[in-house]
Amino acid sequence: MIIDSVEVETINSFSKLELLKEVYGLISILPILTLLLGITIEVLVIVWLEREISASIQQRIGPEYAGPLGLLQAIADGTKLLLKEDILPSRGDISLFSIGPSIAVISVLLSFLVIPLGYHFVLADLSIGVFLWIAISSIAPIGLLMAGYSSNNKYSFSGGLRAAAQSISYEIPLTFFVLAISLLSNSSSTVDIVEAQSKYGFFGWNIWRQPIGFLVFLISSLAECERLPFDLLEAEEELVAGYQTEYSGIKYGLFYLVSYLNLLVSSLFVTVLYLGGWNLSIPYISFFDFFQMNKAVGILEMTMGIFITLTKAYLFLFISITIRWTLPRMRMDQLLNLGWKFLLPISLGNLLLTTSSQLVSL
Amino acid sequence: MKSFSGSNPHLSVFFSVCRSVSKEHREESERTKWALVMSEFAPICIYLVISPLVSLIPLGVPFPFASNSSTYPEKLSAYECGSDPSGDARSRFDIRFYLVPILFIIPDPEVTFSFPWAVPPNKIDLFGSWSMMAFLLILTIGSLYEWKRGASDRE
């Protein structure tokens, strides 16, 4: 890499301050564990939210027995699944069968690396942040294919193939729109993308500069998460449970987890890419001019950042859950036609428009 | 710490080489480069170790609790809504499920190659954008051909 002489001097002086360079890696375990704890709590909240909102839409009462207001329902489900017997199908490929759900979980968990909840509050501030998410989310269909093939069940196999076809068909419009956002923000780093939206408050959000992108990103991420209206793989009338048919116990729990984690990652990316991330979006007001103390402002800023990001993410989660219970399911060929013949030309056209607007403003 | 592009790359390389002439300077710059790379990628490496653990440890938890299925061999056969499984599960499948990933292979590197182009538009000016447009045009012609020939039709 090309380093200036001035920067080499500053780096040398900086290295003299830090004595334990080899131990630097180990210190970052604490943020990772905090993140995993946060993810677990969020999954509990999402499962509870989904059940409560579904119950309200269907005019019935949701979970109410496990903990106050049914809040511990997800823990109850998880514990039950942990204690169930692990059935391995005869004549199925046992190693692939076991690894399938794990690969899907790993790929979704790795996407949390680049999500910023504050200015310095991101696990890995890579300059290729969003691209890392796109690349890693391409690994999930491999896990689904493994699960479907190794179950030795016609319905699982068919479900696995369809799941992989659906996932990869909607990845391309998704990536093209993320590319358009990168074009607008001149960077692929998630922190830079949020910073580029912070100038004019509410009116600086990328949703106003890429409205088609917002809608298509919503549709594509619902398709990637395999939620209704793209729910064909889990529909009981169609394929029993698709690639999850032969799974029981905690492996089924891992697929369940993948579904909700994927939804959470997509919601967080919608807020980062389109809704302005951690910025309090009241235009032209800087919230922290009122405070004089330095250290307290740092912690307050961090808390506000997390709170704002999560509020915006939960807005998208609410929209997804409501869509699940209002729209009918799409057929497989309608699904693939939508992905290849409708969204892909729109994404190319949007890229062209964005490029020309960038060139005109140069 | 995202990019270190100097205004004159050859001059800065010359300076850094001059600085690294003496052995201890060379060792120190090696250590600082290693430190930079480590500080950016250390969380990723650790997370890469922790997340497989998080997903694989729950697979081993049921072993002390769960019952044995050797007494009920019907539990282990393939599920087909109650009846005995007919035919082999790994028989033929629709060729279109093979075709969709092949058709995915083309736009996937297209987008991957577009990412380095999208980020610095003020450095590549008009010439850079138009050359990328030529690339996208060739691939769009391919996609149109595939559409017309019906490769993405009917499931």
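Here is the naming used below: chain letters follow the sequence lines, and residue numbers restart at 1 for every chain.
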[X] to [Y] - nearest heavy-atom pair and separation:
X	Y	result
A/Lys341	B/Trp147	O-CH2, 3.2 Å
A/Leu179	B/Ala118	CD1-CB, 3.7 Å
B/Ser55	A/Val105	CB-CG1, 3.8 Å
A/Leu82	B/Pro58	CD2-O, 4.1 Å
A/Ile168	B/Pro101	CD1-CA, 3.6 Å

Is there a donor-acceptor pair closer than 3.5 Å between any side-chain N or O of B/Tyr47 and the backbone N or O of A/Leu123? no

Is the shortest side-chain heavy-atom distance between [X] and [Y] below 4.5 Å?
X	Y	result
A/Trp340	B/Phe104	yes
B/Val100	A/Gln166	no
B/Tyr98	A/Leu161	no
B/Val119	A/Leu183	no

Which distance, rounded to the nearest 0.5 Å, do you find between the OG1 of B/Thr140 and the CG of A/Leu352?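 Here the interatomic distance stands at 9.0 Å.
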
Let me confirm one number: the CG-CD1 distance from B/Asp108 to A/Ile134, rounded to the nearest 0.5 Å. 9.5 Å

Can you list the steps and then say if A/Leu351 with B/Leu136 is a side-chain contact (heavy atoms from CB on, under 4.5 Å)? CA-CA 10 Å; A/Leu351 190 66; B/Leu136 290 177; 3.8 Å; yes

Heavy-atom contact with chain A under 4.5 Å, split by part of [X]:
X	value
B/Thr112	both
B/Leu59	both
B/Leu103	both
B/Met133	side chain

If one checks every heavy atom of A/Ser182 against chain B at 4.5 Å, the contacting part turns out to be both

Heavy-atom distances under 4.5 Å only: say whether A/Pro141 touches chain B with side chain, backbone, both or neither.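 Neither; nothing under 4.5 Å.
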
Run the side-chain contact (heavy atoms from CB on, under 4.5 Å) test on A/Thr355 and B/Trp117 for me, step by step, so that the C-alpha distance in whole Å, both residues' side-chain angles and the decisive distance to 0.1 Å come before the verdict. CA-CA 11 Å; A/Thr355 316; B/Trp117 159 75; 3.7 Å; yes

